[in-house]
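Report on the structure given below.
Order of the sequence lines sets the chain letters (A, B, ...), proteins ahead of strands, with each chain counted from 1.
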Protein chains: 2
Amino acid sequence: MDSNYNEPGAGNIVDAEHQRARQLSRTRVVGQKERRVDARPLVTGAPVYAAEFEQPGMLHGRILHSPHAHANIRHIDTSGALALPGVWAVLTHHDLPRVAHTTAGQPYPELSPYDMYVLDTRVRYIGDWVAFVAAETPAIADAALQLIEVDYEILPAVFDPLEAMGDGAPQLHELDVTHPNLGKHLGDIYDPEHNIAAHEVITNGDFEATMREADLIVEGEYRVPHIAHAMLEPHVCVAYMDGYDRLIVVSSTQVPYHTRRKLAAVMQLPIARVRVVKPRVGGGFGGKQEMLLEPVAAALAMKTRRPVRIEYTRHEEFTSGRLRHPMSITMRSGVKRDGTLVAISMRSLGNAGAYGTHSLTVTRATGHKTLCLYRAQAYYFEATAAYTNLPVTGAMRGYGAPQGFFALESHIDEIARRLNMDPLAFRRKNHVRKGDWDPIEGEEIDGNWHSKRQFRSCGLPECIEKGAAAIGWNEPFERGDGNPIRRGRGMAIAMQGSGVLGFEIGGASIKLNEDGSFNVMTGATDIGQGSDTVLAQIAAEVLGVGMEKIVMHSSDTDSSVFDYGAYASSTTYISGGGVKVAAEKVRQHILEVAGDLLDCAIEDMSIRDGVIYTPRGRSSLTIADIANETLYGRHRQQIMAKGDFWAEDSPAPFYAQFIEVEVDTETGQVRVTKAVNALDLGRAINPALATGQVEGAVAMALGYALSEEVKFDEMGRVRNPGFVDYKVMSTLDMPEMTTFLIEDTEDTGPFGAKSAGEVPINCMAPAVANAVYDAVGIRIRSLPITPEKVLQALDMKKARK
Amino acid sequence: MDSNYNEPGAGNIVDAEHQRARQLSRTRVVGQKERRVDARPLVTGAPVYAAEFEQPGMLHGRILHSPHAHANIRHIDTSGALALPGVWAVLTHHDLPRVAHTTAGQPYPELSPYDMYVLDTRVRYIGDWVAFVAAETPAIADAALQLIEVDYEILPAVFDPLEAMGDGAPQLHELDVTHPNLGKHLGDIYDPEHNIAAHEVITNGDFEATMREADLIVEGEYRVPHIAHAMLEPHVCVAYMDGYDRLIVVSSTQVPYHTRRKLAAVMQLPIARVRVVKPRVGGGFGGKQEMLLEPVAAALAMKTRRPVRIEYTRHEEFTSGRLRHPMSITMRSGVKRDGTLVAISMRSLGNAGAYGTHSLTVTRATGHKTLCLYRAQAYYFEATAAYTNLPVTGAMRGYGAPQGFFALESHIDEIARRLNMDPLAFRRKNHVRKGDWDPIEGEEIDGNWHSKRQFRSCGLPECIEKGAAAIGWNEPFERGDGNPIRRGRGMAIAMQGSGVLGFEIGGASIKLNEDGSFNVMTGATDIGQGSDTVLAQIAAEVLGVGMEKIVMHSSDTDSSVFDYGAYASSTTYISGGGVKVAAEKVRQHILEVAGDLLDCAIEDMSIRDGVIYTPRGRSSLTIADIANETLYGRHRQQIMAKGDFWAEDSPAPFYAQFIEVEVDTETGQVRVTKAVNALDLGRAINPALATGQVEGAVAMALGYALSEEVKFDEMGRVRNPGFVDYKVMSTLDMPEMTTFLIEDTEDTGPFGAKSAGEVPINCMAPAVANAVYDAVGIRIRSLPITPEKVLQALDMKKARK
């Protein structure tokens, strides 16, 4: 039979099926720039943040901070403070259970040392906690702080990590290493006697032997400073004991479930008696992946039996919050004359500050998240973090990667320049390809590398091509030769993960209501990035309804599905995966009932805009009809399902950034005038939000590149604890921008999505350094690239001539 | 082989299995007098009620009530009220969507006529709603009410149901019968032209023909009055629009889900934008199975964009709440000389008041819940409820049954006395038996009775025997002959349902936490009866943990499993059934993981006190271990399941009550001195709470028997709207009591349970009437049995002599 001949009936059926298949493959909500589900309260200023949560009779908590970088507390006299009218409680280390813990919000057992107590007999940095006060007003609480008399025995302090690890340095911690996690994870990598908070070595191949095959060896040391999260909403929470004697904490946290577990432990309550509620969060950037103020509010609420609210001031955020790890990173690599990278190494030394928290995992990530970007025959990575008497460094967007990529992507540029190669061409030749196995995340056993992940999706080539074309990488541009303001171009590429490899789970339970709407209860944590909107889109897509039918709730440890929280770029991939599973179960359930009513096979039906379609077209049934049939009719049941998702993988998003800068050779000021950003995120569930992630990252990374640095005086005191002296970038500093979203489908992700939140933070700083080199021929190897450093380098360059 | 000979190994295994089977069949939490889960807040007075819910900036709502029994509203001038400082809104019928509805909290479509609007152009009783005010304080709101000027066109009113159905009576409703439920359920039984709010006839057998076979026909008319629920917490709720523009209502309601649906309808919001939260409820007794104040608070909150709180005063509860239907009930039955009941009939006429709400279902229940207590060859039941210009009657504990049982059980006593038979012996001869089919709940088709339910469990014989023995029914007692205070004994039996036959669903979702505790989120509604405790016991029993491991949450329409609410004695049976299903799924899930870890078949394991046991005894695994294994280990998932239960049956609990009274022949006062109560509830999940239900019912039913009556003046105004003039019984009025819980296992119920909440309300009134007859030979056929009625009857008896 002629294959072009269709029997009328059969042809129609085939057409109908094809049409349905096309309809099914085309998403209707996923991929759309849907309005944020929280747009209304954010625009109208409705009180939705933890900071705005009020309770009748609420007291205000404040913290007394150490004025010394290192001291023993001999005695605390609280009598004056307690005598002040309006003061309800003053708590010192005597009043709190002595439970060793870490503030790092990580799964149990944490990979971080239990090296602290909520209040200790010793203080280890200026800003460390000494006592807590609860009073009827913040002003009374502040006044009470002044009345607490502390007798300190001042101890020698150390601020530099290298000094801290040296002989004769004061030892910050004498840990009783009894906690199970220490033996399991940290026994060989944690050395309090030498103030080593974390240490790791990864080798893949025989590095030194391979280096001998190189035609050229390039080495360089790069330095990155302490910086601050600068989230708009500081740490804030309200704690109270409810009528059932349960501890309720309404907190601006990225990790409600980890906080519940850790808070129960330090307060010595069963988990059943602790409930953590996360309302809107006004930004976290990793700073709220720590349990900071929750035990303070909890201890004061348990003592006073009144609700207690506590909020960090901006000053406290800088001095007693968490900062990004400063590091010095040495890169040493070997290349062939043709531009083939043969071996690459990175050694980093980070400053943990007074407590370990995320230091091990952050400093590991500096290599783990970066070196895998390039193919080589051998890799060497060594990371160390040392305790010092400075404020604590912890998790921050990128989680070690921005430090690593500043070093790596500056280093790659230097290699290419030394080879007289276009840095883009060098990267094209050496970057990771789809199908490659991770050369860092794994283990060398008997000389053989056992990788833990394969890069099954990689849109990096497309990112590079789109970005290069948009900026006109190979085209001439006005360089400003002869003018005081010179122009240059730079670029960098990067990758990240989607969650921590094999760690997180997240999910949701979904419930159908009479109007065909759904309650989606998720433990995922929207911290401003818009994840609730993305999760709602995933649910709406699967369920075949519009966004107005999805009621999001996140998160409340009493009613939400367990979730690891918002970190490591995990929410869309992991919690989104869980939402998808839950939605698919609910959809199946709806179609089972519909199939029974319509006498139609489940696989033959589809749902669109809340209407259930059969092969012959539109049926008269809607999801609302199914809801009413199940709640009031013959198929009585609550259609509701839980779904969760355990990621055994952490697919990498990729990013390429191309920029143009102006360098004022008279003032040293660098301005980024253009940025082309290309992000491979697998699938953009919401392109507007994904673009927002990129543009927000540009602003944040610009500060890292050009202006941000938390500085200390010789006593270890923060010199610029506020936005007057600590410059974050504003809209006025933003370059002209073009952003491409590249969708190299990740099969394990919901609708092909991997992550978008962190990877775009990684490129700006090295791209600026590379562009400055391109503009004026100076190589700045330390952040921020300030006018002083540029002028000094220009002077030195002139002097060398 | 000698069958008594055991091989050592095999014998041990058999023993172990037997022991495990014994352990499994013995419950450890179910059947225990566990402390109420809400004992702590109730004892400490912690703020847990809706009345105690506060919101910042909260306004106070008040209602303007009609001073006329029947009038059209010509005009309302709100300008004076609006001009009062502190007044935020005054709403009249002009300001509210004109959506016909019923306040009855029933499944959709309601069985009640949509005969009202939240605010109408006409008022139909003194207390009907005219306007709403929101102001900054309750006092300002009250003052504003005085400033609203209403021009009424007064209409003729009717108060007596018989008159209301007669020619020339003013017609209360001109309903446009377009709502789907009217055609479906009420088309033939609803006649607004004759003020008939409800009408139903049930016939089973040829009643008049069968009556001709009787040796004796007994007839009597019984009257019961309007009474009030007198719950301690009045109707109260707080409504506000949240930042997401959703309407949140925190309400003291028995029916959160029905309220959500109905509120969405009258406010013309999608259900997705309405959330109803039910905190502790301070008593409902059916009065809160109506949506009363929620639309008032909602309309005011939507108008003012501020939270609005509204609470009925005690006066309003009496005048504008809901009352129990007054009825006149005529019984007419035929018996054989040997005491065999051959035919029984009941005709009731109820007073619906101004709106229909629960009238159809309550007046139906008067026969449906009562006549099935006795075997006969023929039954006739006819129920009518008429609209009048009096306050609205609705649902109240027992839901029509107390009225019916006062008539039935007085009538049975009269029959027995006429036959010269012991009333107990008559009942033993004629009452329903296990295995009987319901003679009323069903349909006669072509002369054949098709019953809808079989009584598969019936502990009535044991109730009767235990009760009779305890009071010494057949033993002589001091009757006080010759004294002014005379003693007598009376008894009555009763039955009820466990939910409405085939209607309700309820359930829970259950989630496992790291400490081996569980969050149980249920839509069930603890209204003070202790259902949260009972549901927690069911969950704890199935899951093999103690009560401290169960965290109850009920209920919140956003996060709870759909539930029909607390009515019709349904919660233990139906929601409890759902909790059991959910807990069984979670248990199965736990054992699957444990089985994988222990390499043991699921059916070979058991859980006790949170420890997982294998056939060889205790394992090292606990539920907490499984939680940690699933949340952080190799079996990653949130163990969580939803369960719901659709009851296709409504198993009857049974009750027998034996009392002793003292009748003061000089004052006419009747005092109940002893009560023996025997309740067959299938299984007492919590004997303390079940006994509490019985003892509470004794107090409440004593009021019905002896003192309670809402009285009206000739204008239709409540004469006694408060506890000074409306006497409820206190602990001082309580008799000496013995309560037996009889457990005739109901196989369809959780752990064999059926219901306990309503059935014990049914017997006291007829038992008192019967005991008064026994004491002094007078038959009081109307409630309450006041001193006036007793004295008058004694005088008439003397006069007859």
[X] versus chain B, heavy atoms under 4.5 Å apart: side chain, backbone, both or neither?
{"X": "A/Phe503", "answer": "both"}
{"X": "A/Gln55", "answer": "neither"}
{"X": "A/Glu54", "answer": "side chain"}
{"X": "A/Arg280", "answer": "side chain"}
{"X": "A/Pro107", "answer": "both"}

Review point. Where is the tightest heavy-atom contact between A/Thr630 and B/Ile505, given as atom of each residue plus distance?
Key: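 For A/Thr630 and B/Ile505, the tightest heavy-atom pair comes out as O-CD1, 4.0 Å.
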Can you tell which of [options] has the highest number of heavy-atom pairs within less than 4.5 Å of chain B?
{"options": "A/Asp245, A/Asp38, A/Val561", "result": "A/Asp245"}
{"options": "A/Glu548, A/Glu514, A/Met521", "result": "A/Glu514"}
{"options": "A/Ala272, A/Pro56, A/Ala46, A/Ala39", "result": "A/Ala272"}
{"options": "A/Pro270, A/Gly506, A/Ala264, A/Ser560", "result": "A/Ser560"}
{"options": "A/Leu42, A/Ile550, A/Asp556, A/Asn513", "result": "A/Asn513"}
{"options": "A/Met241, A/Arg275, A/Arg273, A/Arg260", "result": "A/Arg260"}

Check your understanding: Checking A/Asp644 side chain against B/Gln638 main chain: does a donor-acceptor pair fall under 3.5 Å?
Key ->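 Here the side-chain-to-backbone pair exists.
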Review point. Angle class for the B/Tyr632/A/Tyr564 ring planes (parallel below 30°, perpendicular above 60°, tilted otherwise)?
Key: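 The arrangement is tilted - the two ring planes meet at 30° to 60°.
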Out of curiosity, [X] [atom1] to [Y] [atom2], how far, rounded to the nearest 0.5 Å?
{"X": "A/Asn628", "Y": "B/Arg261", "atom1": "CG", "atom2": "CZ", "result": "8.5 Å"}
{"X": "A/Lys511", "Y": "B/Thr557", "atom1": "NZ", "atom2": "OG1", "result": "6.0 Å"}
{"X": "A/Ser559", "Y": "B/Met640", "atom1": "OG", "atom2": "CE", "result": "8.0 Å"}
{"X": "A/Arg246", "Y": "B/Arg40", "atom1": "CZ", "atom2": "CZ", "result": "13.0 Å"}
{"X": "A/Asn519", "Y": "B/Ile271", "atom1": "CG", "atom2": "CD1", "result": "11.0 Å"}

Check your understanding: When you look at A/Tyr244 and B/Val551, which way does the side-chain contact (heavy atoms from CB on, under 4.5 Å) test go after all the steps?
Key -> CA-CA 10 Å; A/Tyr244 302 85; B/Val551 181; over 6 Å; no
Check your understanding: Near A/Arg305 CZ, under 6.0 Å, is it more than 12 heavy atoms from other residues, nucleotides or ligands?
Key ->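 Count over threshold, so yes.
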Point to revise | Top of B/Val48, B/Asp558, B/Thr44, B/Val37 for chain A proximity - count of heavy-atom pairs under 4.5 angstrom | key: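 Among the listed options, the one with the most contacts to chain A is B/Asp558.
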